[in-house]
Amino acid sequence: MAPFSFENPHICYHCSAIQLHLELKPQILCCFGCMYNGPGRTTDKGEYVCFECARPFSGTSGLDLCYRSTLPYDLSQALTAAESDHCEFYRWVIHRVTRFFKIQETPSGWKSKKAVGILTQRSRFELSGISNEVGRANLDIKFFSHWVDDDGNKHETRHNLGDFDAWDTGDDPSFGLVSSRPYVQDVKSAQSIDFARSSFETCMRSHPWCRTDQINHMTVSRWPGGALSYERIDPRDIPIRLLDIATGPSPGADAEYIKLIETTVDDKDGQLIEQIAQTGFIVLSYCWGGDQNSKLVASNLQTYKTEGIKLGQLDQSLQDAVWVARQIGIRYLWIDALCIPQDDLDGQGNNPDKAHEISRMASYYGRATLTILAASASRAVDGFLQKRQPATDFDMAPTHAQLIVSDNTKTNDDTPDKVHNILLAKQSPNPPIEPITTRGWTLQESLLSRRILIYGVNQLYWSCLNSFAGCGGKITNLTNRTIPGMESLVPGVYPIGSLIDQPVYLQWNSIVKTYTQRFLSQPGDKLWAISALASHIVQVSAHRGEKPIYAAGLLVDEANPGTWLQQLLWYPDSIEGRDNKRPPGGRYRAPSWSWASLDGVVKVPSWWHEMEEYAAVEEWGVEPAVKGAMYGGLSGGYIFLRAVTQPICRIAGRCGDVVWAERLQTEGTGDDDFDWTYSRKGGNLEGAADSWVLVLLADSGEYRSVIEIGLQDPGVGARILLVGLSSLSTGQLVGVRGIIVEQTVDDDELRFCKRRGSFRLKMGKHANGGQDLAAKFFKKGTKQTLRIL
């Protein structure tokens with residue numbers, strides 16, 4: 001049997017008996033202009049305004065939509081429908097009851113004593129929901145049980161079992177009260193193209209926030225300082241090379257050809273630059289997935305300009321991008337493979353022109369009129385315009401039901417109720433993974449973009465600084481974002497401007513965590529692939545009056561020295577299931593004190609305010625791999641760190657237990673409280689409840705071996721130092737936090753260190769004196785300046 005989907009929904013006589021009632025009521029609103037309290041009125045232009053003073057009521061339809069229903073089955077009948085007749089709706093209901101009451105299901109069904117006790121009670125299920133706008137209909141399901149205690153007293157208990165959504169079937173053109181509708185599988189259909197055009201045009205016309213550079217704060221009116229009243233691109237942000245995709249009679253504009261132009265060379269009178277500034281350009285974000293059939297190199301640049309590029313020679317994703325751009329109606333398109341020279345001059349795919357262009361990626365994606373995001377394609381050869389497969393990722397598969405609508409907004413009491421067919425469904429909380437969200441380079445491309453057409457696994461989506469929507473799905477109306485927030489219909493794809501009201505360091509920490517979850521085909525791209533985001537974040541920080549320093553992936557505010565320590569306390573997080581490791585090949589990528597020196601998921605603590613500082617970075621420096629590319633790859637880097645140190649063997653010998661932190665537990669104060677799960681062969685914390693506990697977290701499996709040798713061999717242990725960076729005394733966070741370094745010497749016999757991990761020195765579960773512990777560590781340790789490479 002095929003899995004249930006919107007195209008193949010479940011239907012049986014059990015769920016066909018479900019009748020959901022919708023009552024439409026006029027919404028009672030308060031006008032803060034004239035203090036009128038009551039329903040509003042709709043103007044000739046379709047605006048809903050105050051009945052008295054005509055002040056607009058934004059964000060409301062003027063209706064209260066009240067959903068309610070009592071299911072025709074009690075618990076016993078629902079169980080029969082689910083187990084005997086395999087009704088999909090009641091299967092989900094029984095599953096929720098099972099989870100809520102923690103009933104153990106067996107192959108033969110509900111047979112436990114607890115289950116029988118619940119079944120013998122009188123019970124009912126109710127559905128309810130309320131909304132003040134026409135759109136998504138989210139419904140709660142509640143379970144009511146009635147029972148009598150030993151004294152004959154009657155009781156009723158209510159339990160909320162969960163929620164699901166009502167969906168429009170799309171078969172009734174007159175029905176517009178529920179906006180959630182099945183996914184539109186054909187992303188080349190007229191419906192998909194109309195959605196793309198209307199979303200784009202609405203944004204261009206009505207979203208001043210989307211005309212900014214994502215650096216200024218947004219006001220309540222969503223009209224930030226610096227927003228233009230119309231769209232115009234600064235000529236300095238226009239790419240050096242673009243593709244002219246216009247159709248026409250000339251060879252360079254033939255429908256089967258596109259032509260490369262160089263804006264700084266081909267613009268003799270300034271008209272070309274001004275035309276692009278006025279009409280805009282589109283950029284493509286996609287996965288290469290290997291080498292491409294056609295790409296720009298020095299030897300074919302003139303051919304691409306004079307003779308053009310035949311579309312049929314391009315990989316499918318590039319051909320699809322040209323098709324979409326033509327549908328939107330914008331003449332100029334930027335694609336990295338065809339607009340950045342790809343000559344390999346250093347054995348790693350780099351050349352000076354490419355390095356320069358990468359440094360301008362923040363401008364290209366940040367100022368592009370529109371970004372086409374080929375989210376569903378793992379490789380450029382795959383393309384992204386194929387018809388989608390039916391979605392089957394549901395907790396509760398689509399099920400037929402009836403919606404009975406009572407309109408109480410009219411004075412005519414004889415208005416008959418209307419009956420519509422709807423679908424009830426609950427999507428899985430884990431949507432399909434979009435291939436593009438697993439790749440490192442594409443993170444900055446989507447975050448920096450102001451407007452994005454997302455060609456996802458299920459369908460087409462729209463995302464801009466102001467709003468988001470899907471061509472189908474739960475949210476089909478353009479919905480304003482909550483600022484700050486990372487709301488998205490495609491997880492991992494949202495504009496960085498939606499975080500604009502957060503402190504800059506929190507924005508960067510969020511970026512680092514997301515970025516390090518992704519993969520790079522070229523390990524040497526670690527800092528290059530995030531360089532545009534780094535440049536953007538530094539601009540945001542400077543705009544706020546801070547003094548930003550960007551050092552090998554660390555973002556520091558020079559005016560707040562504590563931010564150095566916060567950034568140096570990054571730590572690997574293996575909760576995603578990947579062990580951190582050094583990059584293969586032995587090529588230098590970043591200094592050991594930077595998270596960019598490792599592959600794997602990394603988190604940075606979110607606190608630094610009021611951190612008592614026992615350490616300071618006295619000097620730092622990095623050597624860019626390409627001259628002038630301060631945000632790109634590195635060939636060297638160092639810091640001079642003044643701090644108190646203790647040999648690991650000395651501290652380990654005084655501790656009741658030494659344990660390894662295997663993964664993070666998010667308890668108490670948040671996801672960076674460093675309450676780790678401990679593990680150690682042959683021991684645990686129970687026997688060390690009143691002693692110091694040394695918790696170690698190696699930066700990689702290789703470095704763990706080094707630290708373990710240091711714990712066992714005093715000679716090696718004397719070279720493994722615990723470097724105290726902070727004393728903690730908040731709640732359960734009592735003790736010392738710091739990094740672990742290994743001392744060594746270079747060829748010139750100069751002593752230096754390399755980071756190998758991080759640590760926390762804490763008290764046992766029932767011990768007191770965390771402040772004393774910290775005082776002893778910093779008082780008896782050695783204060784010295786370490787050169788860390």
Side-chain angles (χ1 to χ4, degrees), residues 1-22 67-129 137-147 157-171 178 180 182 390-404 419-429:
M1 181 178 177
F4 294 117
S5 64
F6 288 122
E7 294 70 30
N8 178 40
H10 168 77
I11 184 169
C12 69
Y13 69 90
H14 296 292
C15 51
S16 296
I18 299 172
Q19 291 185 337
L20 180 63
H21 294 265
L22 170 58
Y67 297 88
R68 58 180 175 79
S69 177
T70 299
L71 297 185
Y73 290 173
D74 63 14
L75 178 59
S76 180
Q77 293 168 315
L79 185 61
T80 300
E83 292 189 342
S84 301
D85 297 332
H86 309 290
C87 175
E88 179 62 24
F89 176 80
Y90 284 109
R91 177 206 63 79
W92 181 82
V93 171
I94 294 302
H95 172 68
R96 299 303 302 177
V97 173
T98 301
R99 290 191 59 183
F100 186 89
F101 290 103
K102 299 180 181 179
I103 297 172
Q104 184 67 38
E105 293 184 271
T106 66
S108 57
W110 278 23
K111 299 299 181 184
S112 68
K113 183 178 180 181
K114 184 176 184 179
V116 172
I118 296 174
L119 282 170
T120 56
Q121 301 172 6
R122 286 196 308 114
S123 61
R124 72 180 190 277
F125 296 95
E126 291 186 1
L127 307 181
S128 62
N138 184 250
L139 308 173
D140 292 320
I141 180 167
K142 297 180 176 64
F143 174 65
F144 295 82
S145 59
H146 306 263
W147 50 282
T157 56
R158 181 181 66 177
H159 310 283
N160 196 337
L161 299 180
D163 67 284
F164 53 89
D165 291 289
W167 298 66
D168 182 2
T169 62
D171 298 331
V178 175
S180 300
T392 57
D393 53 326
F394 298 98
D395 276 2
M396 184 180 81
T399 302
H400 268 291
Q402 285 188 329
L403 180 67
I404 301 175
V419 180
H420 301 275
N421 291 321
I422 59 170
L423 297 173
L424 305 178
K426 182 173 179 63
Q427 291 181 297
S428 168

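Everything numeric here is computed off the predicted structure, so don't read it as measured data.
With sequence neighbours left out, Pro9 forms a side chain to side chain contact (heavy atoms under 4.5 Å, CB included) with Pro398, His400, Leu423. In this structure Thr70 satisfies the side chain to side chain donor-acceptor pair (under 3.5 Å) test with no other residue, sequence neighbours excluded. Partners of Ser16 under the side chain to side chain contact (heavy atoms under 4.5 Å, CB included) rule, at least two apart in sequence or in another chain, are Ile11. Applying the side chain to side chain contact (heavy atoms under 4.5 Å, CB included) rule to Thr80 yields the partners Ser84; only residues at least two apart in sequence or on another chain are considered. In this structure Phe144 satisfies the ring-ring contact (aromatic ring centres under 6.0 Å, His included) test with no other residue, sequence neighbours excluded. Here His21 pairs with nothing under the ring-ring contact (aromatic ring centres under 6.0 Å, His included) rule; sequence neighbours left out. Under the side chain to side chain donor-acceptor pair (under 3.5 Å) criterion, Tyr67 pairs with no residue at all, not counting sequence neighbours. Arg124 pairs by the side chain to side chain donor-acceptor pair (under 3.5 Å) definition with Glu126, His146, Glu156, not counting sequence neighbours.
Nearest heavy-atom pair across Gln19 and Ser69 is O-OG, 2.8 Å. The nearest pair of heavy atoms linking Asp74 to Ser123 is CB-O, 3.3 Å. Here the shortest heavy-atom pairing between Ser128 and Lys142 reads OG-NZ, 3.4 Å. Pairing each heavy atom of Ala78 with each of Phe125, the nearest pair is CB-CE1, 4.1 Å. In terms of heavy-atom proximity, Pro390 sits nearest to Glu7 at CB-OE1, 3.3 Å. When all heavy atoms of Phe394 and Ser5 are compared, the pair lying nearest together is CE1-CA, 4.3 Å.
The SG atom of Cys12 sits 10.5 Å away from atom CZ of Phe89, with the distance rounded to the nearest 0.5 Å. Remark: Leu20 CG to Ile422 CD1 distance equals 5.0 Å, nearest 0.5 Å. For the atom pair Arg96 CZ and Lys426 NZ, the distance stands at 7.0 Å (nearest 0.5 Å). Here Asn421 contributes atom CG and Thr169 contributes atom OG1; the two are 6.0 Å apart, rounded to the nearest 0.5 Å. Atoms CD and SG, on Gln402 and Cys15 in that order, are 11.0 Å from each other to the nearest 0.5 Å. We find the NE2-CG distance between His14 and Leu71 to be 13.0 Å, quoted to the nearest 0.5 Å.
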Check residues 160-167 and write down every donor-acceptor pair under 3.5 Å in which the side-chain atom is one partner and the other belongs to a residue at least two apart or another chain.
unit_1: Asn160; atom_1: OD1; unit_2: Gly162; atom_2: N; d: 3.2
unit_1: Asp163; atom_1: OD2; unit_2: Asn138; atom_2: ND2; d: 3.0
unit_1: Asp165; atom_1: OD1; unit_2: Arg136; atom_2: NE; d: 2.8
unit_1: Asp165; atom_1: OD1; unit_2: Arg136; atom_2: NH2; d: 3.4
unit_1: Asp165; atom_1: OD1; unit_2: Asn138; atom_2: ND2; d: 3.3
unit_1: Asp165; atom_1: OD2; unit_2: Arg136; atom_2: NH2; d: 3.4

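Proximity of a side-chain donor or acceptor of Ser180 to a complementary backbone N or O of Val178 within less than 3.5 Å is not detected.
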* Check against side-chain contact (heavy atoms from CB on, under 4.5 Å), Leu139 and Leu424 -> CA-CA 9 Å; Leu139 308 173; Leu424 305 178; 4.2 Å; yes
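A donor-acceptor contact closer than 3.5 angstrom is absent between the side chains of Asp85 and Tyr90.
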